[in-house]
Structures are given as structure tokens and as C-alpha cells.
Amino acid sequence: MDCKDEEKMIPVFLQDELDIKVLNQFIEHIDGCPECMEELSIQFLVAEGLERLEAGNNFNLQKALTNRLLDARHQIKVRRVLLHTLICLEAAVAAEILIALIIIFKF
């Protein structure tokens, strides 16, 4: 995706509504594109800042954005681990079935 596509994803990211595949692409782009990171910071500061001001909360918006990005990266890592675990389990089940078939047809 290009910067215009990524900028359209910022509000969806801020609402935490990106699926894991799109989230991964978004984070990779944001990490490598200072312009999009700046746009993300601006949109986050406006949206989150207004919400927190209305609620009367104290806040550190830069830290909040950093935490949001860290959470997104963590979600991606967890999803990858789960996917690899699932693949390993499926391979183990397939191997067990193959062994069972060999034992059944050998006797």
C-alpha cells in the first residue's frame, strides 16, 4: 500500500478495528515512513486529546500513542506464535495419522 492508503487506515487503527493482516502491513509501513507516522501522531493527538480533555483526565499523549503501537506489535507477534503453533500441531496430528495407518495396514 502507498501512503494515501495507509493514511486512510489511521482512523480504523485508532478505533482498533484492523484485522491482523492489515494491522501488520500498517505497522510495517508506519515504522518505515516518517510522514505517515507524523500523520498518525497528529490524528491520535487530536482524537485522543479531545476525548481525554472532555473526560477531564490527565494525559501524556505521546506515551499513549507509543503504547498503542507497542500493543499492536504485540498482537502481531502473538498471532504469529499461535499460527506457528497451529501449523506444528497439524503436522503432529498428520504424522500420528500416518503412523496409525502404517501400523494398521502393516498388521
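Just so it is clear, the model here is predicted, and its values are computed rather than measured. The first residue in the sequence is number 1, and the count goes up from there.
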(request) With the side chain counted from C-beta on, respond yes when Leu65 and Glu48 share a heavy-atom pair under 4.5 Å apart, and no when they do not. (result) no
(message) Is there a path of hydrophobic side-chain contacts, each under 4.5 Å between heavy atoms of I/L/V/M/F/W/Y residues, joining Val22 to Leu69?
(response) yes
(message) Nearest 0.5 angstrom please: Met9 CE to Leu40 CG, how far?
(response) 12.0 Å
(message) Could you work out, with side chain to side chain donor-acceptor pair (under 3.5 Å) as the rule, every residue matching Arg68, not counting sequence neighbours?
(response) none
(request) Working to the nearest 0.5 Å, report the span between CD of Gln25 and CG of Leu18. (result) 10.0 Å
(message) Within the structure provided, determine whether His29 and Cys36 are in side-chain contact (heavy-atom separation under 4.5 Å).
(response) yes
(request) First locate atom SG of Cys33, then atom CD of Glu39, and finally report the distance between them rounded to the nearest 0.5 Å. (result) 10.5 Å
(message) Under the side-chain hydrogen bond (donor to acceptor under 3.5 Å, both in side chains) definition, can you give me all pairs with a residue in residues 80-103, not counting sequence neighbours?
(response) Asn24-Arg80
(request) Using a 4.5 Å cut-off on heavy atoms from C-beta on, say whether the side chain of Leu86 contacts that of Leu82. (result) no
(message) With rounding to the nearest 0.5 angstrom, report the NE2 to CG distance, His74 to Asn67.
(response) 13.0 Å
(request) Verify the cluster assignment for Ile76 and Val12: are they in a single hydrophobic cluster under the rule of side-chain heavy atoms below 4.5 Å apart? (result) yes
(message) Are there over 12 heavy-atom neighbours, none belonging to Arg79, within less than 6.0 Å of that residue's CZ?
(response) no
(request) Output the distance between atom CD (Gln75) and atom CG (Asp16), rounded to the nearest 0.5 Å. (result) 5.5 Å
(message) Could you work out, with ring-ring contact (aromatic ring centres under 6.0 Å, His included) as the rule, every residue matching Phe13, not counting sequence neighbours?
(response) Phe26
(message) Do Leu45 and Ile30 land in one hydrophobic cluster if side-chain heavy atoms of ILVMFWY residues count as linked below 4.5 Å?
(response) yes
(message) Tell me the closest heavy-atom pair linking Leu14 and Phe44, and the distance in Å.
(response) CD2-CD1, 3.5 Å
(request) State, yes or no, whether a side-chain contact exists between Pro11 and Gln43 at a heavy-atom distance under 4.5 Å. (result) yes
(message) Looking at every non-hydrogen atom in both residues, tell me the closest pair between Ile27 and Ala72 and how far apart they are.
(response) CD1-CB, 3.8 Å
(message) Could you measure the distance from the NZ atom of Lys106 to the CD1 atom of Ile99? Nearest 0.5 Å is fine.
(response) 12.0 Å
